[in-house]
Amino acid sequence: EDQVTQSPEALRLQEGESSSLNCSYTVSGLRGLFWYRQDPGKGPEFLFTLYSAGEEKEKERLKATLTKKESFLHITAPKPEDSATYLCAVQAWSGGYQKVTFGTGTKLQVIP
Amino acid sequence: ETGVTQSPTHLIKTRGQQVTLRCSSQSGHNTVSWYQQALGQGPQFIFQYYREEENGRGNFPPRFSGLQFPNYSSELNVNALELDDSALYLCASSLEGQGNTEAFFGQGTRLTVV
């Protein structure tokens with residue numbers, strides 16, 4: 001069964017203090033790995049899709065990387081508005097069917 | 001704004017009743033997925049429809065069913081509601097077949113079963 005584990009569960013950073021969030025996964029037939037940001041009471045907001053090991057993508061203060069077993073979301077010099085829950089998900093083929101598995105998320109708090 | 005709209009935003013139902021949730025996909029998108037998100041948890045994949053056919057399903061019982069219409073809007077139906085069905089229900093639309101699996105989520109429907 002596909003598994004996605006995110007760590008840490010919660011992270012508190014001072015403004016400007018860079019860090020990384022981890023997403024480790026076990027899946028066969030990977031189509032893509034996704035990162036989303038979710039604010040309280042709202043739907044997830046798409047950030048990145050990574051398709052193959054070695055791939056990297058950047059957007060403003062965020063950079064996502066992918067290996068065969070895990071993905072990292074690096075946050076450089078975070079600001080308070082980066083506070084949110086960051087979700088990782090994998091999409092895979094299983095028995096001719098597609099399936100998406102999310103992790104439980106990392107709740108990030110950036111303190112001014 | 002993602003262009004994905006869900007209705008209603010909030011709903012209260014009694015155990016044993018049936019409910020229909022609706023989702024209007026982003027213009028041009030041919031795929032819709034539905035998720036259940038309990039408080040403090042990640043979204044759980046219910047199923048996915050591509051061009052009106054179900055092409056993906058998670059570990060949910062048959063009382064969770066869906067439809068995708070020719071205009072690519074979608075419905076999630078849940079029969080025989082249970083207390084544990086209380087959650088935020090999310091739909092996401094995407095354009096499959098172009099090598100791009102980027103999905104855009106709606107704001108969700110908060111379902112409370114009493």
Side-chain angles (χ1 to χ4, degrees), chain A residues 1-7 9-10 21-25 27 29-52 55 57 59 64 66 71 73 84-107, chain B residues 1-7 9-10 21 23-26 29-51 53-60 66 87-110:
Chain A
E1 186 163 319
D2 300 343
Q3 282 195 317
V4 177
T5 304
Q6 291 188 247
S7 61
E9 289 184 9
L21 313 183
N22 178 262
C23 171
S24 62
Y25 63 93
V27 65
L30 179 72
R31 284 198 70 205
L33 183 141
F34 308 93
W35 282 99
Y36 291 89
R37 167 197 171 123
Q38 187 173 30
D39 293 301
K42 296 190 174 182
E45 175 190 341
F46 173 81
L47 294 174
F48 303 108
T49 308
L50 301 168
Y51 294 101
S52 57
E55 190 173 359
K57 289 192 176 173
K59 179 181 178 180
L66 181 65
S71 176
L73 184 66
T85 295
Y86 290 84
L87 295 164
C88 168
V90 295
Q91 185 179 37
W93 286 104
S94 176
Y97 252 14
Q98 288 196 53
K99 191 171 179 180
V100 178
T101 305
F102 272 83
T104 53
T106 294
K107 187 173 183 179
Chain B
E1 287 292 328
T2 64
V4 179
T5 56
Q6 293 187 240
S7 62
T9 54
H10 295 82
L21 310 182
C23 174
S24 176
S25 298
Q26 184 165 333
H29 283 186
N30 55 17
T31 301
V32 65
S33 305
W34 284 90
Y35 298 84
Q36 179 194 69
Q37 187 174 25
L39 207 59
Q41 300 295 314
Q44 297 290 311
F45 177 65
I46 302 175
F47 45 59
Q48 176 173 294
Y49 280 82
Y50 169 67
R51 293 185 173 178
E53 299 270 341
E54 184 182 287
N55 76 336
R57 191 169 184 97
N59 300 326
F60 280 80
L88 180 68
Y89 287 84
L90 297 160
C91 81
S93 76
S94 59
L95 179 61
E96 295 287 329
Q98 306 265 328
N100 176 10
T101 53
E102 177 177 332
F104 295 92
F105 280 81
Q107 297 284 67
T109 293
R110 173 71 62 185

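Because the structure is predicted, anything quoted here is derived from the model rather than measured.
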Close side-chain approach of C23(A) to W35(A), heavy-atom, < 4.5 Å: yes
Does the side chain of D2(A) reach to within under 4.5 Å of the side chain of Q91(A), using non-hydrogen atoms? no
Heavy-atom distances under 4.5 Å only: say whether F47(B) touches chain A with side chain, backbone, both or neither. neither
Side chain, backbone, both or neither: which part of Q6(A) has an atom under 4.5 Å from a heavy atom of chain B? neither
Name the region of E45(A), side chain, backbone, both or neither, that has any atom closer than 4.5 Å to a heavy atom of chain B. neither
Just by modelled atom types, is the V90(A) backbone N or O under 3.5 Å from a matching donor or acceptor in the Y25(A) side chain? no
Sidechain-backbone polar pair: Q6(B) side chain, C91(B) backbone, donor-acceptor under 3.5 Å: yes
Check the orientation of F102(A) and F105(B). Use parallel for under 30°, tilted for 30 to 60°, and perpendicular for over 60°. perpendicular
Heaviest contributor of heavy-atom pairs below 4.5 Å to chain A, chosen from E54(B), Q44(B), R110(B), is E54(B)
Of the listed G108(B), G56(B), G42(B), A92(B), the one with the largest count of heavy-atom pairs under 4.5 Å with chain A is G56(B)
